[in-house]
Amino acid sequence: MIKVEKLTRNYKIPNNKGNFFVRLFNSRYKTITALNNVSFTISKGEKVAVLGLNGSGKSTLFKILTGIISPSSGSCKCLDYDPFNERKKYVKNIGVLFGQKTLLIPELSVYDCLKLYKAVYELKQKDIDYRLKIFDKHFGVEKLLHRIVRTLSLGERMKAEILMATIHDPLLFFFDEPTIGLDVQAKNAFKDFLLNYPFGSEKTVLITTHDISVIKEFATRILLLNNGKLVLDIKTKYLKDKFGFKKLVIDFKREPTKSIMENIKTFGCPIEKNKNKLIIKVPVNEKEKIETIKKKIVTDESIISFKVENMDYEETINWLMGEFYADVQKIS
Ligand SMILES: Nc1ncnc2c1ncn2[C@@H]1O[C@H](COP(=O)(O)OP(=O)(O)OP(=O)(O)O)[C@@H](O)[C@H]1O
């Protein structure tokens, strides 16, 4: 479905460093590497969240995969097309929504915009009518069709955008921060679409988003970029077992004594104290420590219970984008 091999993309940017004389004798441009030797494959039906801090290369990757720009080196094939060199044929098979870029023309009605895409994608009227019916059933767009785009609310506009991006029934979708800067209504309209559109196992989706709930409810795989490099590629179902920490929760009859606290601190795990409760965060790759900690303090008569809890999804993603990311940045 998607095969990306050693993809690198450089940009030339003006070199404004130094004073006039320094600039006179140095090169006027410098090269930055937005994407650095990235390789991965994506199979049909996967729902992939591409994550990374600002400037990590997500949009550059999406621009290459949608054929907007070409790579500096390396190669990519999507649906057996070379996105840049076979763009005309390729785009008929993909649906694209990029944040703050619109597929609509403000002065036209939604239906007139649709007619434009009918021509672009060379669609038959009966296919449009059929897909409109299905789309309307799920997302109620019928009543928007004869409205002028600029009069729509952000939520209604989002529905119209989605309609344009899906009317040709694409196999592969790219959503690059589609709701960035929009209001709650528009965000909800997009999320509603994402969670209820019949993507099934046939349609493949790549999405960049900062909305953890979207990742949680939708993504089956995460690609994490840092400084243009792919630093993590993991199926979300393995996320909790491989990353972050387990929480050893200990309830005490009274506040834990100093000596218990000192004992636990020797294990070097972060500890949260909440009155009579201690939460010890044991990294997943050191989980055997849980039993050792228990053994060391189990004789204390003030202990009521031990429990081991997993991080919840939000915590895992936050950990991934926080502590894990910081570690990766130190190494690279
Ligand atoms: N057209 C361009 N010309 C020069 N530099 C660019 C261009 N587009 C992106 N860059 C630079 O390439 C790097 C990667 O940018 P990119 O937009 O791909 O990252 P991103 O992860 O999508 O960031 P964000 O989350 O802020 O959108 C950044 O340093 C950015 O400044």
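Start at 1 and go down the list; that is how both ligands and their atoms are numbered.
Proximity annotation for atom 15 (O) of ligand 1: of Thr208, Thr60, Asn227, Asn226, Thr60 comes nearest, heavy atoms only.
For atom 25 (O) of ligand 1, the closest non-hydrogen atom of the protein is Lys58 NZ, 2.9 Å. Looking only at heavy atoms of the protein, atom 17 (O) of ligand 1 is closest to Ser59 CB, 3.6 Å. The nearest protein atom to atom 6 (C) of ligand 1, hydrogens excluded, is given as Tyr11 CD1, 3.3 Å; this is a heavy-atom distance.
By the criterion of a heavy-atom distance under 4.0 Å, the side chain of Ile13, and not its backbone, is placed next to ligand 1. Residue Asp176 does not touch ligand 1, judged by heavy-atom distances below 4.0 Å.
Crowding of Phe306 atom CZ: a count of heavy atoms from other residues, nucleotides or ligands under 6.0 Å exceeding 12. The number of heavy-atom neighbours closer than 6.0 Å to OH of Tyr130, taken from other residues, nucleotides and ligands shown, is 12 or below.
Looking at His210 next to ligand 1, no N or O pair under 3.5 Å apart turns up. On a distance-only criterion, Lys12 and ligand 1 share no N/O pair closer than 3.5 Å. Of the N or O atoms in Gly55, one or more lie within a sub-3.5 Å distance of an N or O in ligand 1. Ligand 1 has a nitrogen or oxygen under 3.5 angstrom from a nitrogen or oxygen of Gly57.
A side chain to side chain donor-acceptor pair (under 3.5 Å) with Ser213 holds for exactly one of Lys191, Glu314, Lys187; it is Lys191. When each of Glu315, Lys246, Lys247 is checked for a side chain to side chain donor-acceptor pair (under 3.5 Å) with Asn310, only Lys246 meets the rule. With respect to Ile215, the side-chain contact (heavy atoms from CB on, under 4.5 Å) criterion is satisfied by exactly one of Leu51, Ile207, Thr316: Leu51.
The Ser56 neighbourhood of ligand 1 comprises atoms 19 (O), 20 (P), 21 (O), with distances under 4.0 Å to a heavy atom of that residue. Below 4.0 Å from some heavy atom of Ala34 lie the following atoms of ligand 1, by number and element: 12 (O), 13 (C), 14 (C). Below 4.0 Å from some heavy atom of Ile32 lie the following atoms of ligand 1, by number and element: 5 (N), 11 (C), 12 (O), 29 (O). Ligand-side atoms of ligand 1 in range of Leu53: 21 (O), range being under 4.0 angstrom from any heavy atom.
With ring centers used as reference points, Phe173 lies under 6.0 Å from Phe199.
Using 4.0 Å as the threshold, Leu35 has no heavy atom nearer than that to any atom of ligand 1.
A salt bridge links Asp233 with Arg221: the distance from a Lys NZ or Arg NE/NH1/NH2 to an Asp or Glu carboxylate oxygen falls below 4.0 Å.
Of the inter-residue distances, the one linking Ser59 atom OG with Ile64 atom CD1 reads 11.0 Å to the nearest 0.5 angstrom.
Taking the side chain as every heavy atom from C-beta outward, Leu230 and Leu224 never approach each other to under 4.5 Å.
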Yes or no on ring pair (Phe, Tyr, Trp, His ring centres under 6.0 Å) for Phe190 and Phe175, after CA distance, side-chain angles and deciding distance?
-> CA-CA 10 Å; Phe190 179 75; Phe175 303 127; 5.3 Å; yes
